[in-house]
Amino acid sequence: MTWTLLRGGWLHDPTNGIDGEVRDLAIQGGRIVPLPAEPPAEVIDASGCIVMAGGIDLHSHIGGGKVNLARMLLPEDHRDRMTGGANPCTPGDNPLELISCGHATPGTLATGYRYVQMGYTAAFEPAMLAANARQAHMEMGDTPILDHGAYVLLGNDEYFLQRLAEGAPPEEIRDLIGWTLHASKAMGIKVVNPAGISAFKYHQRRLDVDESHVHWGVTPRQVVQALARGLTDLGVPHPLHIHGSNLGVAGNIASTLATIDALEGLPAHLTHVQFHAYGREGPKKFSSAALQLVEAVNARPQLSIDVGQILFGQTVTASGDTMRQHANAGLASPRKWIGADIECEAGCGVVPFRYQEKSYVNALQWAIGLEIFLSVRNPWQVVLTTDHPNGAPFTSYPHLIRLLMDRPFREEQLARLHPDVAANSALKDLKRELTLQEIAVMTRAAPAKLLGLSDRGHLGPGAAADIAVYRDDPIDRERMFTTPEWVFKDGRVVARAGRITATPVGGTHFVTPRFDDARDTGFAAALRERMARNGSLHPQHLEIGHDELCACCRGGRLLPTECFEGAST
Amino acid sequence: MNGHRLTLRQRLPLRLDLRGVLPGALAALDLAAIERLPVAHGREWLPLAECFHIEAFEAEEPALHLIGDLSRVDHLGWGLAGGEILVDGPVGDHLGSTMRAGTVRVRGSAGDLAGVEMAGGELHIEGDAGHFVASTLPGSMDGLRGGLICIHGRAGDRLGDRMRRGTLIVGGDVGDFAASRLVAGSVLLGGGAGAHPGYGQRRGSLVWLQPDAAPAPPTTFVPGQGDTAVFWQLFARDLAGLGARHFAGQAIADALAALPARRPQRWRGDLAVDGQGEWLLPR
């Protein structure tokens with residue numbers, strides 16, 4: 001069998017403890033293999049290049065209802081910027097790239113192309129509704145090249161809250177979680193504003209961690225506990241993905257710390273924590289609480305976070321958190337928004353937003369995100385995200401990487417902001433510059449580990465040959481990470497110097513939990529009955545089978561992830 | 001050779017998109033290059049010369065003169081930033097949309113969506129215009145943002161929807177929802193209107209040049225009591241000048257010329273939204 005030699009690059013493979021050593025890589029049959037004895041069929045000279053596994057974005061809104069709503073809300077985002085935003089998008093010069101465009105809400109095709117162009121080979125949609133899972137899988141299936149997966153929402157659907165209120169035993173909650181993962185073919189569970197989206201529908205406009213849902217009487221603390229416990233019992237590799245209470249509210253560090261406390265030592269992933277690390281001090285009653293948050297994370301190795309960094313410019317915020325999006329709707333720019341309930345399972349809020357350097361709040365949000373990145377001690381606990389598109393479009397990752405790796409560059413940006421920002425933030429004192437190895441952890445190795453993907457995010461023998469080869473540029477890391485020399489997907493060159501060279505269909509990641517589905521008497525029957533009475537989805541269509549998933553995803557490979565052994569079922 | 005005359009060879013079987021065929025762009029090219037310019041016809045690209053006979057003429061500023069039945073030609077003058085376009089015959093949709101400067105004059109009627117998101121310059125339609133004149137591209141918040149649109153004939157529904165600056169004058173009757181969601185700017189109507197004029201009007205002025213042809217103000221409008229004498233004199237004299245310049249010899253020119261001598265009855269609304277708009281009925 002022929003093989004390809006990737007010769008002489010500096011490898012950064014944190015999973016295997018390789019930090020910038022010159023090593024050769026052998027690619028055969030889509031995998032990385034030990035160097036074979038026979039001569040290679042092809043040699044690629046990677047000398048002078050940094051070689052990393054393909055990037056993995058563990059939190060990026062790339063599929064599902066709200067992304068399409070955001071696209072429809074902002075047709076101007078899809079007009080050609082070269083002509084002042086007047087013309088529709090125009091074809092590029094690469095016949096492999098079908099016409100697709102958009103900046104904050106790129107089309108599915110553009111999403112795949114732009115991610116791959118900067119060396120990413122997988123992305124995970126963090127807010128898939130069970131009732132909407134087919135749509136989400138189809139949209140991600142339509143996203144070329146990238147592997148993908150999704151976290152399904154629980155914690156605001158009426159059935160879960162009702163059973164929690166009725167005191168369902170933990171085993172039932174565990175099996176409900178398992179069944180939901182299985183039925184929607186998800187990679188994990190995400191909870192958004194625990195019980196808060198539901199409370200919004202009962203006229204509550206905020207819900208603190210120990211405040212009761214006015215109708216079901218449950219608290220966010222109970223919801224978080226029940227879900228984290230259930231996922232641990234099932235052995236799902238990705239721990240509970242938490243979008244906490246009070247997103248974006250000044251002083252919300254209290255609820256973030258209370259949420260961490262509610263976990264009682266169970267593992268969890270706190271997402272876009274930048275939006276959850278605000279104090280209430282200073283002249284504007286809005287301050288950074290990044291260091292308090294980081295202290296909690298540093299003390300708990302079982303926790304991981306992604307940052308949700310904001311970067312200045314036009315974007316759109318798309319979230320399941322109807323309660324908070326409703327509160328922010330007045331800040332929409334352009335002045336239009338969408339709020340919706342979906343099947344009484346969760347919500348949806350789409351608010352276009354322009355982060356402005358001259359806004360004290362926005363500038364401080366920018367600084368808070370960077371503070372978090374630079375002060376978490378263990379890079380394996382932090383994942384690099386902008387919560388695309390909520391903090392900024394994913395295409396700004398190279399810029400973010402430069403901010404983290406290049407202190408003079410960072411201080412230059414900070415100096416452009418209002419002096420109050422520097423005065424009220426620890427950023428100016430943070431001298432740390434992240435290393436290439438730390439970036440490799442935050443953008444590939446850690447996300448792969450947090451998702452339980454044993455053959456991704458590293459370059460050891462047996463790993464999928466998803467590889468990004470960057471021309472080293474210590475002066476301008478932004479340029480370096482914008483345009484890798486080569487990007488391999490399953491051993492195939494899919495981008496060469498920023499140009500897409502092949503567009504294979506990406507694979508679908510999902511977990512395969514074992515659970516007791518109590519098919520005829522338990523929750524599955526109850527859910528079917530409920531769906532038949534109130535839902536728009538045929539009860540027999542609640543579960544997505546393997547064949548259907550394959551069809552949804554345009555025939556892409558199915559990539560099941562086993563749960564941990566020793567789970568309690 | 002700043003000017004180019006394009007004569008339609010035969011009736012077009014499909015819609016033709018003339019986006020990009022602008023007087024300034026053509027003035028920078030030689031005739032052979034102009035003849036080869038690709039234009040979208042249905043789903044295909046054709047060289048411009050396949051649709052038009054093209055000849056150059058002397059002109060002081062870049063000029064484009066089109067002759068023929070262009071009712072299937074869309075996006076003429078799209079994004080125009082200077083120069084002059086003259087059309088002898090009817091044109092299709094999106095005439096002068098997103099233009100920023102320059103002049104477009106049509107000696108005929110225009111289709112729908114004329115002057116959408118136009119930001120400056122002048123657009124003259126000597127015949128009738130279709131729906132959505134001076135409104136928005138899909139999803140945008142603002143329609144007409146500046147410039148002057150003169151329609152000598154009638155116009156369709158949703159005239160000036162979300163318009164927020166500039167002047168829009170229609171000689172004849174207009175369709176339903178005239179000046180709906182008007183944000184600002186001046187709309188002058190020489191005839192009557194269909195259902196729901198001023199629906200959701202936030203600010204801006206809607207002037208009924210023939211108050212007797214105007215419908216009764218909606219119930220969400222109230223009589224305005226403020227003193228507007230000085231404003232009215234400034235406004236009316238400006239409008240009289242516009243009438244003399246752009247509508248010479250037509251009834252609407254006389255109506256505009258008579259404005260300074262009249263006193264307007266004034267209504268404020270739409271109170272269902274901001275309520276800072278006005279209807280002026282000069283009697």
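We name chains A, B, ... by the order of the sequence lines, and we start the count at 1 in each one. None of these values were measured; they are calculated from a predicted model.
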Using every non-hydrogen atom in the two residues, find where A:Pro75 and B:Pro138 come nearest and quote the distance to one decimal.
CG-O, 2.9 Å
Within 6.0 angstrom of A:Phe394 CZ, more than 12 heavy atoms from elsewhere
yes
For a quick check, list the donor-acceptor atom pairs closer than 3.5 Å between chain A and chain B, or say none.
| residue | atom | partner | partner atom | Å |
| --- | --- | --- | --- | --- |
| A:Arg79 | NH1 | B:Ser140 | OG | 3.4 |
| A:Arg79 | NH2 | B:Pro138 | O | 2.6 |
| A:Asn87 | OD1 | B:Trp78 | NE1 | 2.4 |
| A:Lys336 | NZ | B:Gly139 | O | 2.1 |

